[in-house]
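Here is the structure we will look at, set down as structure tokens.
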Amino acid sequence: MQVLVIGGGAREHALCLAVAKSPLLKKLYCAPGNAGIGAVAELVALKVDAVDDILQFVQDKKIDLVIVGPELPLILGLADSLAAIGVLCFGPSAPAAELEGSKGYVKDLCQEFGIPTAAYRRVNTLAEAEAQIARMTAPMVLKADGLAAGKGVIIASDATEAKAAAEKLLAEHASLVIEEFLDGEEISFFALIDGHTVVPLCAAQDHKRAFDGDKGPNTGGMGAYSPPPAWNATLEAQTLQTIIQPTADAMVQRGRPFRGVLFAGLMLTKTGPKLLEYNVRFGDPECQAILPRLDGDWLELLHAVASGKLAQIPQPKWKNIVTLGVVLAARGYPDSYQKNTIIRGLEHAAALPDVQILHAATAHQGGEWTAQGGRVLSVLGMGTTIAAARDRAYAAVDRIDWADGFCRRDIGWRALRRPDAA
Ligand code: AMP
Ligand code: GLY
């Protein structure tokens, strides 16, 4: 198979490393990739939203399968365009990608099909928002309807804060969802869907705040580990039965069959798992933690999803290991930060056993590695326990010499504080 991976972050580096192991692979390309990915795939200088250029490349190189990392090209219709020229795509059509693109679409779907989620109301004006806020008890959550890169969600602790939040969000977005605050532990759960068949992958836990102790601004994710001890087979069965399968069925019924990986952001509440949000792609950094745990061939799995043949291949098996990934970001992320700062020690860190160094935004020039973005590296440790995986990851982090970067030192804290943590 000739495969093109779309994206250029640590998630795509992990995807490229996983796919490169497959005996089914003939040639691997990544657009745009990054300098780290260049070691495993041929880089193609195309932006993820350049749909027409991507299509041209796919035809020129006779690509058999396109694996899409981020949501943007999916929402722009890359999968639809590929289907029109008969090329397989791992990632949903634009109508199915609304599961990520529109919070309102998901909330209405949950209501119609009885999928557990926070009680909510959609509003379009400040007057409607104020009326809804008056009906609810604080805290409450206000969300912009549409892609907002994690910045469109405000948790308001009282009605005054909620009104200010509504005003702020309505200044930039046409529509809002106002919903009940859910209390509990948050889990990212992943399942493959090929239109009809659902195959569970596994769960991971992300760390969204920038600093230790879950302090500071929200980020794309500062670290993740898998499997989370808060998760178990009962919760998985419950989630599949009450959330994932009904969603897959609903999308078929609506004429928008979902093909790809469905990422459910769940809150484990006292009354069971509830859906916070869907993403139509792997999470970053969750993907980095999940991929090495498969005891099998990722390319075979992703190809089966794209070709609607999930029912015909064996269920995935998982290695008995724990993975824990730490994100290294440029000082100042998620706000402003410097580029082109020098990173040393990467080879020394990569030499440790049970470690993977994944690049999110690096360049390599004149023998020096430099930082080129906010989240720059993802350092993954593997072990038989969460503590062992954590120690591995931080041993590698400590070999990286990057004065202008920072990371959280407490990735995995929820799992590690449990009495059963080894
Ligand atoms: P979302 O983009 O919908 O996942 O929201 C971003 C983050 O806000 C989530 O990861 C949660 O930490 C938090 N959040 C969203 N909705 C709720 C809710 N209804 N109750 C509590 N926390 C929430
Ligand atoms: N780590 C959360 C996300 O990828 O959206």
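Side-chain atoms are counted along with the backbone in the values below, which use heavy atoms only and exclude waters and symmetry mates. In this chain, numbering begins with 1 at the start of the sequence shown. Just follow the structure's listing: the first ligand is 1, and inside any ligand the first atom is 1.
A cation-pi geometry, defined here as NZ or CZ lying under 6.0 Å from the six-membered ring centre and within 45° of its normal, holds between R254 and Y105.
Looking at ligand 2, you'll find an N or O of E286 within less than 3.5 Å of one of its N or O atoms.
The two residues H13 and H359 make their nearest non-hydrogen contact at ND1-N, 2.8 Å. Heavy atoms only, all atoms of each residue included: A203 and R293 are closest at O-NH1, 4.4 Å. Across all non-hydrogen atoms, the minimal contact from L65 to F90 is CD1-N, 4.0 Å. For the pair G220 and D206, the tightest heavy-atom approach, listed with the atom from each and the gap, is O-OD2, 3.8 Å. Considering all non-hydrogen atoms of both residues, V198 and A248 come closest at CG2-CB, 3.8 Å. Here the closest non-hydrogen pair linking M382 and R392 is O-CG, 3.5 Å.
Atoms of ligand 1 lying under 4.0 Å from at least one heavy atom of E179, given by number and element, are 16 (N), 17 (C), 18 (C), 19 (N). Close approach of ligand 2 to G220 is summarised as follows: ligand atoms under 4.0 Å from at least one heavy atom of the residue are 1 (N), 2 (C). The contact set between ligand 1 and L182, taken as ligand atoms under 4.0 Å from a residue heavy atom, comprises 18 (C), 19 (N), 20 (N), 21 (C). With ligand atoms numbered from 1 in the order given, ligand 2 contributes 4 (O) to contacts under 4.0 Å with heavy atoms of G283. In summary, the atoms of ligand 2 found under 4.0 Å from a heavy atom of D206, numbered by their order in the structure, are 1 (N), 2 (C). Of all the atoms in ligand 1, the ones that sit under 4.0 Å from a non-hydrogen atom of K103 are 1 (P), 2 (O), 3 (O). Taking every heavy atom of F263 and a limit of under 4.0 angstrom, the matching atoms of ligand 2 come to 3 (C), 4 (O), 5 (O). Those atoms of ligand 1 that come under 4.0 Å of a heavy atom in K208, given as number and element, are 10 (O). Every atom of ligand 2 is numbered from 1 in the order shown, and the set under 4.0 Å from a heavy atom of R281 is 3 (C), 4 (O), 5 (O).
Checking L275, V106, L276 against atom 14 (N) of ligand 1, the nearest heavy atom belongs to L276. Compare E186, E277, K143 by their heavy atoms: the one nearest to atom 15 (C) of ligand 1 is in K143. Which of V153, N218, T269 comes nearest to atom 6 (C) of ligand 1 through a heavy atom is settled by distance: it is V153.
Taking a cutoff of 4.0 Å between a charged side-chain nitrogen and a carboxylate oxygen, D214 and R414 qualify as a salt bridge. Ionic pairing of D145 and R122 is present here: one or more N-O contacts between side-chain nitrogen and carboxylate oxygen are shorter than 4.0 angstrom.
Contact annotation: for F282 versus ligand 2, there are no heavy atoms closer than 4.0 Å.
For the pair P285/R375, a side-chain contact is recorded, criterion being any heavy-atom separation below 4.5 Å from C-beta on.
Judged by the shortest distance from any of its heavy atoms, P285 lies inside the 4.0 Å radius around the atoms of ligand 2.
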